[in-house]
Amino acid sequence: MTIKVGNKIPSATLMKATENGPEPVSTDEYFKGRKVALFSVPGAFTPTCSAKHLPGFVEKADQLKAKGIDEIACTAVNDAFVMGAWGQSAGVAGKVTMLADGNGEWVKALGLEMDGSKFGMGSRGQRFAMIVDDGTVTQLDVEAGGEFRVSSAEYMLEHI
């Protein structure tokens with residue numbers, strides 16, 4: 001079943017790269033008591049993700065926070081090391097938290113996985129964005145295959 005507006009975020013453990021190595025992040029704790037703008041990309045360092053998606057949220061971070069967003073997070077079916085390196089290269093420090101769903105279990109629990117095997121990528125997450133308020137989805141925008149519009153920072157800002 002695909003997650004919908006009004007649903008609670010499923011419990012999972014994601015990973016975050018830190019200076020001490022990968023650290024687990026409980027989704028129950030992470031989303032508790034705050035408003036998070038979360039976006040998902042099919043893969044770190046991929047063309048649209050690196051040229052438009054992540055940079056848009058870095059660039060619009062202050063505007064999103066001015067509209068009541070407490071934190072911005074990016075997730076992908078990549079390991080914490082890759083997500084950490086991608087975040088460093090994109091200058092996300094203090095703007096976007098990079099959360100790894102290394103085995104794709106969380107995106108599968110969300111019902112938002114996709115089959116990227118024809119591109120040599122295996123099972124991945126669809127491109128989407130959501131606002132999660134105290135663990136509940138209040139806005140959800142999922143892209144049609146191959147598109148990049150409704151999951152952008154600009155689109156989110158217009159619809160908050």
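Numbering of residues begins at 1 and proceeds along the displayed sequence. Just so you know, these numbers use all the heavy atoms, side chains as well, and skip hydrogens, waters and symmetry mates.
Residues T27 and L14 have side chains in contact (heavy-atom distance under 4.5 Å, counting atoms from C-beta outward). Between V92 and F57 the shortest side-chain heavy-atom distance does not fall below 4.5 Å. For the pair Q126/V107, no side-chain contact is recorded, criterion being any heavy-atom separation below 4.5 Å from C-beta on. Side-chain contact between T97 and K16 is present, with at least one heavy-atom pair separated by less than 4.5 Å. Counting only heavy atoms from C-beta outward, the side chains of I69 and I160 approach each other to under 4.5 Å. When side chains are defined from C-beta on, F31 does not count as touching D134, because their heavy atoms never get closer than 4.5 Å. By the 4.5 Å heavy-atom criterion applied to side chains, K52 and S152 are not counted as neighbours.
The nearest pair of heavy atoms linking H53 to S40 is CE1-O, 3.6 Å. Across all their heavy atoms, A12 and W106 have their closest contact at CB-CD1, 3.1 Å. Contact detail for K108 and E113: the closest heavy-atom pair is CA-OE1, 3.5 Å. Here the closest heavy-atom approach between residue E154 and residue G56 is recorded as OE2-CA, 4.5 Å. Smallest separation of non-hydrogen atoms from M130 and I9: SD-CD1, 3.7 Å. Contact between A80 and P22 at its shortest, heavy atoms only, is CB-CB, 4.0 Å.
Between R149 and E143, none of the side-chain N atoms (NZ, or NE/NH1/NH2) sits under 4.0 Å from a carboxylate O, so this pair counts as no salt bridge.
We find the CD1-CE distance between I72 and M98 to be 12.0 Å, quoted to the nearest 0.5 Å. Within the model, atoms CD of E158 and NZ of K67 stand 8.5 Å from one another, a figure rounded to the nearest 0.5 Å. The structure places CG of L140 at 10.5 Å from CD1 of I131, a figure rounded to the nearest 0.5 Å. Once rounded to the nearest 0.5 Å, the distance linking CG of L110 with OG1 of T75 reads 8.5 Å.
Residues L157 and V142 fall into different hydrophobic clusters, defined by Ile, Leu, Val, Met, Phe, Trp and Tyr side chains chained together at heavy-atom separations under 4.5 Å. Linking Ile, Leu, Val, Met, Phe, Trp and Tyr whenever their side-chain heavy atoms come within less than 4.5 Å puts F45 and V41 in one cluster. The hydrophobic cluster containing I3 also contains L38, counting ILVMFWY residues as joined when their side-chain heavy atoms lie under 4.5 angstrom apart, directly or transitively. V132 and Y30 fall within a single hydrophobic cluster, where Ile, Leu, Val, Met, Phe, Trp and Tyr side chains are chained together by heavy-atom contacts under 4.5 Å. If you chain together hydrophobic residues whose side chains sit under 4.5 Å apart, M83 and V25 never meet in one group.
Applying the side-chain hydrogen bond (donor to acceptor under 3.5 Å, both in side chains) test to S11 and every residue at least two apart in sequence or in another chain returns D28.
When the shell of 6.0 Å around CD of Q139 is examined, it contains more than 12 heavy atoms from other residues, nucleotides or ligands. Enclosure of atom NZ in K8 by more than 12 non-hydrogen atoms of other residues, nucleotides or ligands within 6.0 angstrom is indicated. Atom CZ of F148 sits in a crowded spot, with more than 12 heavy atoms from other residues, nucleotides or ligands closer than 6.0 Å. More than 12 heavy-atom neighbours from other residues, nucleotides or ligands sit within 6.0 angstrom of NZ on K65.
Formation of a donor-acceptor pair under 3.5 Å by the D70 side chain with backbone atoms of K35 is found in this model. At distances below 3.5 Å, not a single donor-acceptor pair connects side-chain atoms of N78 with backbone N or O atoms of G43. The closest donor-acceptor contact from the side chain of T2 to the backbone of L112 lies at 3.5 Å or more, if one exists at all. Using modelled atom types, no side-chain atom of D133 and backbone atom of T136 make a donor-acceptor pair closer than 3.5 Å. Not one N or O on the side chain of N103 forms a donor-acceptor pair closer than 3.5 Å with the backbone of E105.
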Step by step, would you call M156 with D141 a side chain to side chain contact (heavy atoms under 4.5 Å, CB included)? CA-CA 9 Å; M156 183 178 278; D141 298 294; 5.9 Å; no
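Taking the six-membered ring where the residue is Trp, the centroids of F39 and F128 are separated by 6.0 Å or more.
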